[in-house]
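Take a look at the structure below.
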2 protein chains.
Amino acid sequence: MPTIMPEAITRRSLHDEVVSRLRDLIVEGEFRPGTRINERMLCERFAISRTPLREALKVLASEGLVELTPNRGATVATFTLRDIEEMFPVMGALEALAGELACQRITEAELAEIRALHYQMVVHFQKGELPEYFHLNQAIHEAMLAAARNPTLSNIFRSLSGRVSPARFRANMSRARWTRAVEEHEKILKALEARNGPLLSSLLKEHLSNKGETVREAMFAAEDTREAVG
Amino acid sequence: MPTIMPEAITRRSLHDEVVSRLRDLIVEGEFRPGTRINERMLCERFAISRTPLREALKVLASEGLVELTPNRGATVATFTLRDIEEMFPVMGALEALAGELACQRITEAELAEIRALHYQMVVHFQKGELPEYFHLNQAIHEAMLAAARNPTLSNIFRSLSGRVSPARFRANMSRARWTRAVEEHEKILKALEARNGPLLSSLLKEHLSNKGETVREAMFAAEDTREAVG
DNA sequence: TATAATTTTTTTGCATTCATTATTCATACA
DNA sequence: TGTATGAATAATGAATGCAAAAAAATTATA
């Protein structure tokens, strides 16, 4: 990944632009898992030719957000229960590492930032504002990854996280799970403040495992109402 | 990843073929880090047009093997010391997870296979045959990943591993490091046989950390001889 | 001679076109 | 009526063509 330089004029090529736009469409749920992607249709929508679109599709395929079948085109990737069960332990391991590194490297300023995000998140929890909660939740995890000072780790985690987003975005949480998630975040913050790497590490692993369970449940619920996530 | 069905005829599209061929050229060192990739040249070499080639380059860029600069084309990705320092802890965390999962799930047959690979690898070590050693080493790690039964994990690890391969491929090891690596592998095998997840996990983390050190050293050496790895 | 400016060449980015492969629809047949 | 076969249509895969940008080469100038 190219580092973004200050002052540098960011000239994005068309296919690059298409990649992020398409990614958003998928992650934010307009293109649901399983949907067939018609090239002509998207070309008209973005007012571009097929060449950059096809290049973008290849990239998204290698990221795992779309599936390409030879001569049959692209579909938005579908996740089976199995896929979810595979992904969360991996994300757990990655975030556990991030936590350990963050404990060694985090600055007071970064910690203060995370603390602020945390308590703002708690407010949204108390008001029952799920989308806002999600947003801050993600911001906290991002901030911790940033504090780990390992862009490679961040990128891989973000990519995985992006792949589950289409499922998570539409997943409701039971109040019980939600409460528990907030409690876990409380402990995570304390461990980070104490720079207790091993503890933070195991808390994060546990936390991600529970997140996985939440998405699992949501997928079951979705299946019942014929709104399959994947 | 599409499941391979029995009887199904696997038809690879051109760009897909190009992706793996180009990847091999990079990983096996024919295209060294930093080399500019000329589209016309590669088109002639593969006897294809620019379209599938460009699609392949986009994919390899998203895998991190090549770097694309707008209007300036592609170069084989270069790794700084810093990149290496970032990647190995991540690979360590991933393989540690793989080890834990493998302890839970590995079959006797798989274990026997790994054992066989291990002792064959030791033979190559004793004969000082580095390429063969590398090959078996990789096979062992692959087999353990397979035993973890988590294709998502395997894919991510493989992708990362592929990114460092261009560096590792050309890295020599001191006899001391090599001896130590073999000793570590011995312990790893024992832990796997004992299904001792936590032990295996920490051994692998340590092992990967040492691998990182080895590559680091090799990079320094390469820099000295004006043969920069990246 | 060294440097700057300008022209030429090369290379990249994207659109378009052509060929091949799926899919759909209509027809024939049991 | 339901299935099978074949033609028509649409979609994908890859090659070519064209415009813009970058690199190289040439000329002009101090």
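Each chain gets a letter, A, B and so on, in the order its sequence line appears, and its residues count up from 1.
A donor-acceptor pair is defined here as one N or O able to donate and one able to accept, closer than 3.5 Å; no such pair exists between the side chain of B/Asp24 and the backbone of B/Arg21.
Between A/Glu85 and A/Arg82 there is no salt bridge, since none of the side-chain N atoms of the basic residue sits less than 4.0 Å from a carboxylate O of the acidic one.
Straight-line distance from the CD atom of A/Glu44 to the C1' atom of C/dT16: 15 Å, rounded to whole Å.
The aromatic rings of A/His141 and A/His185 lie perpendicular to each other, with more than 60° between the two planes, well past the 30° mark.
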Polar pairs (N or O, both sides) under 3.5 Å between protein and nucleotides 11-15 of chain C?
| unit_1 | atom_1 | unit_2 | atom_2 | d |
| --- | --- | --- | --- | --- |
| C/dT11 | OP1 | B/Asn38 | ND2 | 3.1 |
| C/dT11 | OP2 | B/Arg40 | NE | 3.3 |
| C/dG13 | OP1 | B/Asn71 | N | 3.1 |
| C/dG13 | OP2 | B/Arg54 | NH1 | 2.6 |
| C/dG13 | OP2 | B/Arg54 | NH2 | 3.3 |
| C/dG13 | N7 | B/Arg50 | NH2 | 2.9 |
| C/dG13 | O6 | B/Arg50 | NH1 | 3.3 |
| C/dC14 | OP1 | A/Leu14 | N | 2.6 |
| C/dC14 | OP2 | A/His15 | ND1 | 3.3 |
| C/dA15 | OP2 | A/Ser49 | N | 2.8 |
| C/dA15 | OP2 | A/Ser49 | OG | 2.6 |
| C/dA15 | O5' | A/Ser49 | OG | 3.4 |
| C/dA15 | N7 | A/Thr51 | OG1 | 2.8 |

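With a 6.0 Å radius and a threshold of 12 heavy atoms from other residues, nucleotides or ligands, A/Arg105 has its CZ atom above the threshold.
Using a 4.5 Å heavy-atom threshold, the side chains of A/Leu130 and A/His124 count as separate.
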